[in-house]
Chemist: 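The structure under discussion is supplied below as structure tokens; questions concerning it will follow.
Each chain gets a letter, A, B and so on, in the order its sequence line appears, and its residues count up from 1. Computed from a prediction, not measured in an experiment: that's the story for all the values here.
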Amino acid sequence: MSNTEKAKPVNFIRAIAEQDLAEGRVAKIITRFPPEPNGYLHIGHAKSICVNFGMAEEMGGECNLRFDDTNPSKEEQEYVDAIKEDVQWLGFQWAGDVRYASSYFDTFYEWALHLIKAGKAYVCHLSPEQAKEYRGWATEPGKPSPYRERSVDENLALFEQMRAGEFAEGECVLRANIDMSSPNMNMRDPILYRIRKQSHHQTGDKWCIYPSYDFAHGQEDAIEGVTHSICTLEFADHRPLYEWFIENLPVPSKPRQYEFGRLNINYTVTSKRKLKQLVDEGIVQGWNDPRMPTVAGMRRRGYSPAAIRNFCDSLAVAKTDGVVDMAQLEFFIRDDLNKTAPRGMAVLKPLKVVISNYPEDQVEMLTAPKHPDLDLGERLLPFTREIYIDQDDFKEEYSKKFKKKLTPGKRIRLRNAYVIEADSYDKNEAGEVVQINASLIPDTLGKNPADEINPKGVVHWVSASHGKQATIRLYDRLFTVPTPDKGEEDFLSHVNPNSLTIVEGCWIEPDLANAANEQGFQFEREGYFVADRYDHSPEQPVFNMTIGLRDTWSND
RNA sequence: UGGGGCGUCGCCAAGCGGCAAGGCACUGGGUUUUGAUCUCAGCAUUCGAAGGUUCGAAUCCUUCCGCCCCAGCCA
């Protein structure tokens, strides 16, 4: 491997774009990210955003944000707002104003008229069931609709009636006149317009007919001068139709469509429909639940935009439809947070330690760097006679395996503080260890004990009298199987019932209570945590676990 | 099944006729007041399968096998 730069994953679309630029086929790369506002963006969209905005950015081009809002029955303004926020949070800015397919509806209507006049579109009164029959099947060609031969004038009049609301929903549609025997089902007289008597989040009640995806998408691209229209593999079959419209309509430019493999990650789902189901059925607490693979969820979980972008950029843009390991995403989350997150100490399962030879009323303000490498300044750690350590860091019996834990008669380094030795411990009626009685080894601040009996391990701690209490929410994967949406059973049957654990009564070092919402930290020896975007306050601190530290030792 | 797309290490993925990059994961060593980080090392005689062409094939040709997508008045 070269030590100056890492091998970058390939992007075959980018290679095409570079060639188009070099050969002068296009003067500037224009891409677009075209979500339908029918749900929140997820990690798969994040990759698409990185591809579209990233390519434009790096190649001196532009990328539009365009809502593909051609179906009012599924779309909402809430989603429009959330999507805009997510794109910007990821660190991208679209060229000019936000675009809407719906703002081109007048043009699409004119173009529909254009096709009718050219004898290339007709109003079809077949019912949905009949249309399905007429469409034929893979091995058998479809039959022409009995309405296919209507005259131009009749079609013009009928289409005007459709537009005027004189037909009921489902009564008729406008179809293109292409090829009922095409092996590509998309070419068997596809629908251009259907009736939807619903108000639209952008256009209100202006229309009761709405263009189909196929009749809209390429033309939207053409209107905006998009040069490279990038979408996922399942649209490859639509490309001939995309091109048919571009060829048969007086469009201002000729965009080209390219498809790449959609991003899948194991132990989660990336389908707006399924994510919506998790929300609607109350399995999670909303689209921005930290367990969700949505951009808003990952944000609330404490994933940084940089980490998400690094992950997306590590993925190749290719035509294979694979499933990426969650571990790969997690690597980039840790990688970024390790480099940037201030350190702190938090005790999740408190066990009191009383240091018998430390004066009861004494408080020493120790200092510790906020980051081991970065110059983020120092924090103050009050050290007192009573402190808390984690229950897991004390073992009643010493063994080689527990050499890094505190055990009776053994010493341990308190992180950023002194070395102590456990003298005895107390149990309650239930037999649980409730208190450690220890003694402080003098003159061990920043140095090893004079007797050279050095501690083998380091544990984190919080002052019992000066620490603050906090609620910490722990997360586990949302599904118990790698591919919850494959196989026979409903994906909901694989939901992990223990994906959320709320731990009350955790102790955090005092400064941490003042964390700004959304500030991420590394709680040393535990993992990365973020002050909840909505629920955290200095009075009632609430942290969400972003991800645990890499753990290479077998826990007992 | 007709059409479209894809099959290279557990996962992602280079390679495009000259003798298998890289990342994640994993394993082992070193450093360490985070069992983290960092660091060093290991990790496909083999490229879905079988034939063929060639001095030489993951790369070319045949056939076969497997997986995904379309058959909504969804996008």
Chemist: Whole angstroms only, please: what is the CD-C1' distance between A:Gln257 and B:G5?
Modeler: 13 Å

Chemist: Does a side-chain N-to-carboxylate-O contact under 4.0 Å join A:Arg14 and A:Glu18?
Modeler: yes

Chemist: For the pair A:Asp214 and A:His238, evaluate side chain to side chain contact (heavy atoms under 4.5 Å, CB included) and give the outcome as yes or no after the intermediate values.
Modeler: CA-CA 8 Å; A:Asp214 287 308; A:His238 294 246; 2.7 Å; yes

Chemist: When the ring centroid of A:Phe215 is compared with that of A:Tyr193, is the distance short of 6.0 Å?
Modeler: yes

Chemist: Give none if B:C11 has no partner; otherwise give the nucleotide forming a Watson-Crick or G-U wobble pair with it, both distances under 3.5 Å.
Modeler: B:G23

Chemist: If you measure from the C1' atom in B:G3 to the same atom in B:A25, how many Å do you get, rounded?
Modeler: 38 Å

Chemist: Give none if B:U32 has no partner; otherwise give the nucleotide forming a Watson-Crick or G-U wobble pair with it, both distances under 3.5 Å.
Modeler: none

Chemist: Please check if the distance between the ring centroids of A:Phe159 and A:Tyr109 is under 6.0 Å.
Modeler: yes

Chemist: For the residue pair A:Arg148 and A:Met180, establish whether any side-chain heavy-atom pair is separated by less than 4.5 Å.
Modeler: yes

Chemist: Can you check each nucleotide of nucleotides 68-75 of chain B against protein heavy atoms at under 4.0 Å and return B for base, S for sugar-phosphate only, - for none, in 5' to 3' order?
Modeler: SBSBSBSB

Chemist: If you only use heavy atoms from C-beta on, which nucleotide in B:C24, B:U34, B:A14 is closest to the side chain of A:Arg525?
Modeler: B:U34

Chemist: Work out how far the P atom of B:C26 is from that of B:C16, and round it to whole angstrom.
Modeler: 32 Å

Chemist: Could you tell me the separation between the CD1 atom of A:Ile43 and the C1' atom of B:C12, rounded to a whole number of Å?
Modeler: 14 Å

Chemist: Can you measure A:Asp551 atom CG to B:A25 atom P for me and round it to whole angstrom units?
Modeler: 13 Å

Chemist: Classify the nucleic acid contact of A:Ile547 as base, sugar-phosphate or nothing, counting any heavy atom under 4.0 Å across all strands shown.
Modeler: nothing

Chemist: Is it the case that B:U34 (base atoms only) and A:Gln522 (side chain only) share a donor and an acceptor within less than 3.5 Å, ignoring hydrogens and angles?
Modeler: yes

Chemist: Look through every strand shown and name the nucleotide pairing with B:U62 as Watson-Crick or G-U wobble, where both distances are under 3.5 Å.
Modeler: B:A50

Chemist: With rounding to the closest Å, how many angstrom separate the C1' atoms on B:G35 and B:A14?
Modeler: 35 Å

Chemist: Round to a whole Å and report the spacing from CD of A:Gln328 to P of B:C26.
Modeler: 13 Å

Chemist: Sticking with atom C1', work out how far B:A44 lies from B:U8, rounded to a whole angstrom.
Modeler: 9 Å

Chemist: At under 4.0 Å between heavy atoms, what does A:Arg413 touch on the DNA or RNA strands: base, sugar-phosphate, or nothing?
Modeler: base

Chemist: Give A:Val323 one of three labels, base, sugar-phosphate or nothing, depending on what nucleic acid heavy atoms sit under 4.0 Å from its own.
Modeler: sugar-phosphate

Chemist: Taking the P atom in each of B:C12 and B:G7, what is the distance between them to the nearest angstrom?
Modeler: 11 Å

Chemist: Take A:Glu224 and A:Asn64, measure what side-chain hydrogen bond (donor to acceptor under 3.5 Å, both in side chains) needs, and give me the verdict at the end.
Modeler: CA-CA 8 Å; A:Glu224 295 177 11; A:Asn64 295 340; 2.9 Å; yes

Chemist: For B:G29, does the glycosidic angle fall within 90° of 0 (syn) or outside that (anti)?
Modeler: anti

Chemist: Can A:Phe12 and A:Phe260 be said to form a ring pair (Phe, Tyr, Trp, His ring centres under 6.0 Å), step by step?
Modeler: CA-CA 9 Å; A:Phe12 77 95; A:Phe260 72 98; 8.1 Å; no

Chemist: For A:Leu315 and B:A14, give me the distance from atom CG to atom C1', rounded to whole Å.
Modeler: 14 Å

Chemist: Is there a side-chain polar atom (N or O) of A:Thr552 under 4.0 Å from OP1 or OP2 of B:A36?
Modeler: yes

Chemist: If you assign each of A:Thr139 and A:Gly457 to its closest nucleotide in RNA chain B, which residue comes earlier from the 5' end?
Modeler: A:Thr139

Chemist: With a non-hydrogen cut-off below 4.0 angstrom, is A:Pro455 in contact with a base, only sugar-phosphate, or nothing?
Modeler: nothing

Chemist: For A:Thr320, report the nucleic acid contact type (base, sugar-phosphate, nothing); a contact means any heavy atom under 4.0 Å.
Modeler: sugar-phosphate

Chemist: Let me know the distance between CD1 of A:Ile178 and P of B:G3, rounded to the nearest Å.
Modeler: 19 Å

Chemist: For atom C1', what is the distance between B:A49 and B:G66, given to the nearest Å?
Modeler: 10 Å

Chemist: Looking only at atom P, what distance separates B:U37 and B:U27, rounded to whole Å?
Modeler: 13 Å

Chemist: Which residue in the set A:Ile420, A:Ile387, A:Val353 passes side chain to side chain contact (heavy atoms under 4.5 Å, CB included) when paired with A:Trp461?
Modeler: A:Ile387

Chemist: Mapping A:Asn338 and A:Asp325 onto RNA chain B by nearest heavy atom, which one lands closer to the 5' end?
Modeler: A:Asp325

Chemist: Could you give the side-chain donor-acceptor pairs of residues 131-143 of chain A under 3.5 Å, partners two or more places apart or in another chain?
Modeler:
none

Chemist: So A:Lys319, base contact, sugar-phosphate only, or nothing? Heavy-atom distance under 4.0 Å.
Modeler: sugar-phosphate

Chemist: Is B:C55 paired to anything, Watson-Crick or G-U wobble with both distances less than 3.5 Å, and if yes, which nucleotide?
Modeler: B:G18

Chemist: Please confirm whether the shortest side-chain N or O distance from A:Arg343 to OP1 or OP2 of B:U34 is below 4.0 Å.
Modeler: no

Chemist: Work out how far the C1' atom of B:C60 is from that of B:G18, and round it to whole angstrom.
Modeler: 14 Å

Chemist: According to the side chain to side chain donor-acceptor pair (under 3.5 Å) rule, which pairs have a member within residues 161-173 of chain A, sequence neighbours left out?
Modeler: A:Glu160-A:Arg163, A:Gln161-A:Glu166

Chemist: Atom NZ of A:Lys404 to atom C1' of B:A36: distance rounded to whole Å?
Modeler: 11 Å

Chemist: Rounded to the Å, how far apart are A:Phe311 CZ and B:A25 P?
Modeler: 12 Å

Chemist: What nucleic acid atoms does A:Gly527 come within less than 4.0 Å of, heavy atoms only: base, sugar-phosphate, or nothing?
Modeler: nothing

Chemist: I'd like to know if A:Glu140 reaches the base of B:G2 with its side chain such that a donor and an acceptor end up less than 3.5 angstrom apart.
Modeler: no

